[in-house]
Amino acid sequence: MEGASPLERYLESCSGQDDFSTSPHLFTPMSPYDLELPTQTASQLSQSKELLTDFSSVDLSFLPDVTQDNKEQNLSEDGHETQKELIRSLPSDEDSGVLMDESSLSHPGAAQPSPEASDICPPLTPMTPLTPATSASESSGIVPQLQNIVSTVNLACKLDLKNIALHARNAEYNPKRFAAVIMRIREPRTTALIFSSGKMVCTGAKSEEQSRLAARKYARVVQKLGFPAKFLDFKIQNMVGSCDVRFPIRLEGLVLTHQQFSSYEPELFPGLVYRMVKPRIVLLIFVSGKVVLTGAKNRSEIYEAFENIYPILRGFKKPS
Amino acid sequence: MAARGRCPECGSGSLVEDAHYAQQQLVCSACGCVLSEGLLTTTYSDEEHLREVAYSQSTGQKEQLSRCLQRGSRRVQDLCKVLQLPAAFEETAVSYLRRALQHPAFRLLSREKKELLGGCCVLVTCRQRSWPLTMGTVCSLLYARHDLFAGVYLSLQKELGLSVPALSLADLVTTHLNSFRLLQPAADVPAAFLEDKEQLLARTVAIVELASQAWLVTGRHPVPIVTAAAFLAWQSLRPGPRLCCPLARFCRLAGVDLPPPAHLRLKELLEILQGMASQLSWLRGFPLDRKVVVKHLGELLQHRLFLLKNAFSQHGEEQQDTAPGQGCPSQGSGPPSSPAGAQQQRRPWAGPARPGGPRRPLLPPCLLQPRKRPRSAPSAAAATGDEPISDSELEQYLRSPEEIRALSRARACL
């Protein structure tokens, strides 16, 4: 509009895009940008491609001005901005991965990177928020604490368990009871089962990094005892977390409504065993409101499982 | 193929074994004379070299019921007869047993556990048809170890993917009370202790419902609660001669086992009832002890919803003071505390609720008397897992040579 201030022009363009919100599919043929992605590795490509199908978020307000200008250019042309849906529960590392790609591309600030920035996502999703935005209504605000991590590592050499038990102070070996040396270290406080084949199981750590550090310490101890130990295939096998929802839960009601997932046998165990399908986690829910989550291979699975169960438990909170 | 011998008619040696309507015949191919028929083997030596067919390859295995299935079905039938279950239950239980035994997880179970499998199938059937049967009953009938039974039951549920509804307490009360001997006249039961079944049942069910509203039932074994509730109900129906009878004697007279937690459940129930009694205006003058509570149990149960609401603060609110001497709720006098009061609920509540004191929140006992101190979250120590490991730190875990020598000498002596 002639005579309109830049602000008004910007607002016009925004409102113009809002009209398109009802028919977003119109934009894909109108996209002037090629779908060739500049200098991206195959993994990044596949990652961003699979991310694109999940979401289309366009909240760019936190970006530096460079991208803001580019964004305005893009917006006027295809109005992808209209799809202002928040991303639901994306793991933060995937977010940062995509963010890094696009910020590195858009920082030069020329118009050239901007098509690339938007090319990454054909429906023109330039950016994703850094923090996973959950649904507006309830984000529990409670973070489960990790209590135990079980990991395995391959030391890749045959070990003489009698020798290890003789030369190490913190080792116990009772072949009649169990065919492995049980070794403990104080920092981080963990226990390891070391088998004669060279495989080792490390338990008791409270975080993934601590588990890795502890496993490395055990491997170093075995090295010092004279064995050519290596550190191969470190893998976290199980993670256990716990938290407290701070209100009592009617377990009898929960087992009635979620019968296919839950098993509540007060004659056997005071808690309810809830086997969540996605993610595949087992939750032990107690009447005091404490929840134990186990069976996870990643930290994000525990967080996701808790965010899934929290609204269900809230439904069983007695109204005060 | 050519067989041995010569044809008696024409003397040719070309004898063929042929089948006529699946009957083996030895025929001369020259003149067609049938030498012999219906023989399975020609000579005795042939028979010796016959390979026998293994049972697993024959069809007999599929047709016959395996021995463990037969034994298990018989056991299931016996169980159903003893428990007096309807006929349909038996068929369902046997079908579950058959399905379970075909499953690889159960085919290779130890014999001890296989014997429990029948009991587990009966239990699952009863649960699914809302027939109250406790694990304790089945375990005692099978002379089974409780933990073994629990393991087999849980794995049966998981492997067969059965959805088993939870035990219904109201039905359990009915079944449990059926086994009480105090309901019929007997030689060793004083007349004053005899009780009518319907009344006892109704009152026990009411007490059990009250207990479940007061968070005494969730997560706990159901049988001690039913026993304690039955005892209270029985006492309250005729308090005069029965108040002096303790719980142990009651169980002995009734002919049921006294489960150890029943005393604790009784105490908790009495505490709840005392709190409720404090809200009844016509009981203000009396000291709130067990006797008064039992005597007025009927009235307490009649107004239980109202009294529960007044006697105990609901979760999330905590009253600082309640006006004494008024039977009706007077929350308006004290301002409701802020949500910070929720933190105060963590402190242990001891003793019964006093009429003028702060109202105890209605929470499960494990929250009211927390046994564990809340542990602070551990500080994040290792940022990455790749820090350098100092040699001195690892030295503490290695034995010195003197230690090793001393240890070897000590071991040699042993």
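The structure displayed is predicted, hence computed values, not measured ones. Just so it is clear: chains get the letters A, B, ... in the order the sequence lines come, proteins before strands, and each one is counted from 1.
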Would you say the side chain of A:His167 lies within less than 4.5 Å of the side chain of B:Ile404, judging by non-hydrogen atoms?
yes
I'd like to know which of A:Ile185, A:Val255, A:Val221 tops the heavy-atom pair count under 4.5 Å against chain B.
A:Ile185
How many angstroms lie between atom OG of B:Ser163 and atom CD of A:Gln260, to the nearest 0.5 angstrom?
8.0 Å
Inspect the contact between A:Lys217 and B:Glu393 and indicate whether a charged nitrogen and a carboxylate oxygen are less than 4.0 angstrom apart.
yes
Quick check: closest heavy atoms across A:Ile249 and B:Thr218, and the distance to 0.1 Å?
O-CG2, 4.1 Å
B:Gln157 versus chain A, the contacting section by heavy-atom distance below 4.5 Å:
side chain
Flag the one option from A:Arg216, A:Lys224, A:Arg275 with the top tally of heavy-atom pairs under 4.5 Å to chain B.
A:Arg216
Most heavy-atom pairs under 4.5 angstrom with chain B, which of A:Met183, A:Arg169, A:Arg212?
A:Arg169
Just to be sure I understand the criterion: a residue of residues 152-166 of chain A counts if one of its heavy atoms is under 4.5 Å from a heavy atom of chain B. Which ones qualify?
A:Ala165, A:Leu166
Applying side chain to side chain contact (heavy atoms under 4.5 Å, CB included), run through B:Arg220 and A:Val287 and close with a yes or a no.
CA-CA 10 Å; B:Arg220 268 102 168 263; A:Val287 67; over 6 Å; no
Which bit of B:Phe149 is near chain A, if near means a heavy-atom gap under 4.5 Å: side chain, backbone, both or neither?
neither
Tightest non-hydrogen contact, residues A:Arg250 and B:Trp215, listed as NH2-CE2, 3.6 Å
Is there side-chain contact between A:Ser288 and B:Pro364, with heavy atoms separated by less than 4.5 Å?
no
Side chain, backbone, both or neither: which part of B:Asp147 has a non-hydrogen atom closer than 4.5 Å to chain A?
neither
Taken to the nearest 0.5 Å, the spacing of B:Ile389 CD1 from A:Leu213 CG works out to 5.5 Å
Between atom CZ of A:Arg186 and atom CD of B:Gln396, what is the distance when rounded to the nearest 0.5 Å?
4.5 Å
Contact winner vs chain A - B:Leu167, B:Leu154, B:Val164, B:Thr134, heavy-atom pairs under 4.5 Å
B:Thr134
Does anything in residues 407-414 of chain B get under 4.5 Å of chain A by heavy atoms, and if so which residues?
B:Leu407, B:Arg411
Partners passing side-chain contact (heavy atoms from CB on, under 4.5 Å) against A:Tyr303 (at least two apart in sequence or in another chain):
A:Val143, A:Pro144, A:Arg299
By residue number, those in residues 264-273 of chain A with heavy atoms under 4.5 Å from heavy atoms of chain B are A:Tyr264, A:Glu265, A:Pro266, A:Glu267, A:Leu268, A:Pro270
Do other residues, nucleotides or ligands put more than 12 heavy atoms under 6.0 Å from A:Lys297 NZ?
yes
Interatomic distance, A:Arg220 atom CZ to B:Ser390 atom OG [nearest 0.5 angstrom]
8.5 Å
Can you establish whether the number of heavy atoms outside A:Arg189 located under 6.0 Å from its atom CZ is more than 12?
no
Spacing of CG belonging to B:Leu367 relative to CG belonging to A:Asp244, to within rounding of 0.5 Å
7.5 Å
